[in-house]
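This is a predicted model, so every value here is computed, not measured. Note that the numbering runs from 1 along the sequence shown for the chain. As a basis for the values below, the full set of heavy atoms in this structure was taken, side chains included, without hydrogen atoms, waters or symmetry mates.
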Amino acid sequence: MALPIPLPGPIKRRVVKLLLERTMKDGIDLRKLRFLPESFTLPIKRDGLDPVPALMKAQADQPVKKLATLFGRNIWLVSGYDEAKTVLAGDAAVWSNDLGQFVSQEGRSAEEQIGGLGMTDPPLHTQLRKYLTPEFTMRRLARLQPGIETIVQDRLDAMDAIGPEVDLVQEFAFAVPFDVICDLLGLPVEDRGRFLDLGVARFDLSEGGAGAFGAQAHTRDFLINAVRGQREKPGDGLIGALLEEYGDELDDITLGGIADGVFLGGYETSASMLALGTYLIATNPEAGRMLRSDPKSIDKVVEELLRHLAVVQLAFLRFAKTDVEVGGVQIKEGDAVGVSLLAANRDPRLGPDLDTFDPTREPVRHLSFGWGMHRCVGAELARMELRTALRMLAERYPDLTMAADISALDFRKLSAVYGVEALPVLLYGPLEEIA
């Protein structure tokens, strides 16, 4: 069988452009996009835990860089901290988050419509956020702390029964935030395995938008049905509370969409942070000591992990509603802008040596939860989970070590939320020491 002949760069780009134009001949529809053009993948590639060198070179040379022109629109990448903050904090009169304008709804049920806080503009965004904001204040969240500690303790006990070698992703990093978010929303935890795969697929861009939007339809359908099931008899969680207080003004699909945003944002990103954070702590003895012996240092370690890892690599796309200047570069009306949170967090203008993980570093400003009106509503819940889970893990297993070299780990290749598929660890240190 003859091997395929590699195409020269210019010819390959032309072929890709023709395929995209043919796919989108009836208008831009991200559901039909089966692959991303190579130029679009720069902000969602990594070298282990670090940005690829090309991303940081782009930041140094052009913190506002044009990646491509597609269907008459310029696609920009913003990688500098100040420039990123300008876009993220931008006025709704200038910037839109409405991704639905590029996703055909023809033949789609109401359950499959595009929505959620991250992809809507005011006034709808303002209306949706008002339902959640009161539930995520520090005072309201404090009531969750005992439950989080119980969930973490149960998972540590389960790992003890499995060890000494376990997959930390499956047994801890995913299980803890999933159980916490189910408890918060008032949902059963029986479908944990199913949602491990769906959560990963929601952010996987290796098949363009087709796979991600397909996974979204499944999770939204599950949560809309959960709302329907609780409408007559509200449960003890957030869904039940919102139904009791706002049931007359929230239909099942709208509330299901709100729950979907909380559900997905509440476990997938925290799962990645717990897994990758554990890797850094296991390979940095000082971080483990700080978590075990100095309660005042826990916040410092967690903030450095959030900044350094930036598992949400790319903010939701923004679309310019008018001509606007960012970092001295002119963005035209209709252009799309992607913000690299990973690169922005390591901008040398914020301080020295930010490519390294240093748990003793004084907290550095970061954009890991976004900024402005679209800043993650669950940021404080995420911090609470990370502080609790990482502290209890470090206390229970002070000698925890990696069972595989970083080169053997299977990191996600093209995903808006970076993570690792499995993380084999030895709970009590190397096996020869145990013996």
Side-chain angles (χ1 to χ4, degrees), residues 44 46 48-51 136 141 144 148-149 151-152 155-156 167-181 184 192 195-196 199-200 202-204 261-284 287-288 290-291 297-315 340-342 344-346 357-359 361 363-364 366-370 375-394 400 402 406 409-412 415-423 425:
I44 53 174
R46 288 212 198 187
L49 300 184
D50 296 318
F136 286 88
L141 290 175
L144 300 178
I148 293 174
E149 291 178 359
I151 288 169
V152 174
R155 295 316 306 168
L156 293 173
D167 172 13
L168 196 95
V169 169
Q170 182 72 40
E171 303 301 334
F172 188 78
F174 174 76
V176 167
F178 185 87
D179 289 2
V180 169
I181 209 64
L184 172 68
R192 184 190 294 142
F195 282 98
L196 172 59
V200 172
R202 284 284 289 270
F203 297 108
D204 184 6
V262 174
F263 185 68
L264 188 66
Y267 80 83
E268 184 59 29
T269 54
S270 294
S272 291
M273 277 299 306
L274 280 176
L276 299 181
T278 297
Y279 172 84
L280 285 175
I281 291 166
T283 54
N284 189 302
M290 291 173 69
L291 289 171
S297 295
I298 294 174
D299 286 353
K300 185 182 291 187
V301 174
V302 167
E303 288 306 306
E304 176 68 354
L305 287 170
L306 287 165
R307 180 203 67 81
H308 184 75
L309 290 171
V311 295
V312 180
Q313 308 194 89
L314 192 66
S340 171
L341 304 178
L342 172 65
N345 282 356
R346 301 192 184 199
F357 167 67
D358 179 2
R361 192 195 314 270
V364 175
H366 65 76
L367 298 174
S368 294
F369 292 116
R375 183 179 182 273
C376 176
V377 72
E380 297 313 315
L381 174 60
R383 286 187 167 106
M384 182 186 294
E385 284 186 66
L386 291 172
R387 288 194 296 262
T388 304
L390 292 174
R391 171 184 58 81
M392 293 178 68
L393 182 70
L400 184 146
M402 294 302 302
I406 191 170
L409 299 180
D410 185 14
F411 292 102
R412 296 175 194 166
S415 178
V417 175
Y418 194 62
V420 65
E421 300 302 331
L423 190 73
V425 300

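- Counting heavy atoms from C-beta outward, Asp50 and Arg346 have side chains that approach closer than 4.5 Å.
- In this structure, the side chain to side chain contact (heavy atoms under 4.5 Å, CB included) partners of Val425, at least two apart in sequence or on a different chain, are Val166, Leu168, Leu400, Met402, Leu423, Leu427.
- In terms of the side-chain hydrogen bond (donor to acceptor under 3.5 Å, both in side chains) criterion, residue partners of Glu171 (sequence neighbours excluded) are, by chain and number, Arg155.
- When the side chain to side chain contact (heavy atoms under 4.5 Å, CB included) test is applied to Ser270, the partners found at least two apart in sequence or on another chain are Pro177, Ala382, Glu385.
- In this structure, the side-chain hydrogen bond (donor to acceptor under 3.5 Å, both in side chains) partners of Asn345, at least two apart in sequence or on a different chain, are Ser368.
- Shown here are the side chain to side chain contact (heavy atoms under 4.5 Å, CB included) partners of Ser297, two or more places apart in sequence or in another chain: Met290, Asp294.
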List the atom pairs, donor and acceptor, that lie under 3.5 Å between side-chain atoms in residues 275-284 and the rest of the protein, sequence neighbours left out.
from   : atom 1 : to     : atom 2 : distance (Å)
Thr278 : OG1    : Leu274 : O      : 2.6
Thr283 : OG1    : Tyr279 : O      : 2.8
Thr283 : OG1    : Leu280 : O      : 3.2
Asn284 : OD1    : Glu286 : N      : 3.3
Asn284 : OD1    : Ala287 : N      : 3.1

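- Once rounded to the nearest 0.5 Å, the distance linking CG of Leu381 with CD1 of Ile181 reads 5.5 Å.
- For the pair Leu184/Phe136, a side-chain contact is recorded, criterion being any heavy-atom separation below 4.5 Å from C-beta on.
- Atoms CG and CG, from Leu341 and Leu306 in turn, are 12.0 Å apart once rounded to the nearest 0.5 Å.
- By the ring-ring contact (aromatic ring centres under 6.0 Å, His included) test, Tyr418 is found to be paired with Phe411, residues two or more places apart in sequence or in another chain being considered.
- The salt bridge (Lys or Arg N to Asp or Glu O under 4.0 Å) contacts involving residues 304-313 comprise Glu304-Arg307, Glu304-Arg361, where partners must be two or more places apart or lie in separate chains.
- A distance of 10.5 Å separates OG of Ser415 from CG of Leu314, quoted to the nearest 0.5 Å.
- We find the NE2-CG distance between His308 and Leu49 to be 6.0 Å, quoted to the nearest 0.5 Å.
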message = Checking Val301 against Arg391 for the side chain to side chain contact (heavy atoms under 4.5 Å, CB included) test, could you report, in this order, the C-alpha distance in whole Å, the side-chain angles of both residues, the deciding distance, and whether it holds?
response = CA-CA 10 Å; Val301 174; Arg391 171 184 58 81; over 6 Å; no
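- For the salt bridge (charged side-chain N to carboxylate O under 4.0 Å, His left out) test, no residue two or more places apart in sequence or in another chain qualifies with Asp358.
- Leu305 CG to Met273 CE: the interatomic distance, rounded to the nearest 0.5 Å, is 5.0 Å.
- Scored by the side-chain hydrogen bond (donor to acceptor under 3.5 Å, both in side chains) test, Arg46 finds Gln313 as partners (sequence neighbours excluded).
- In this structure the side chain of Phe172 reaches within 4.5 angstrom of the side chain of Leu156, judged on heavy atoms.
- Atom CE of Met384 and atom CG of Leu141 lie 5.0 Å apart (nearest 0.5 Å).
- Contacts classified as side chain to side chain donor-acceptor pair (under 3.5 Å) and involving residues 375-384 (residues at least two apart or in different chains) are given here: Glu303-Arg383, Glu380-Arg383.
- Summarising the geometry of Leu291 relative to Leu390, their closest heavy-atom pair is CD1-O, 3.9 Å, with the distance given to 0.1 Å.
- By the 4.5 Å heavy-atom criterion applied to side chains, Arg387 and Asp299 are counted as neighbours.
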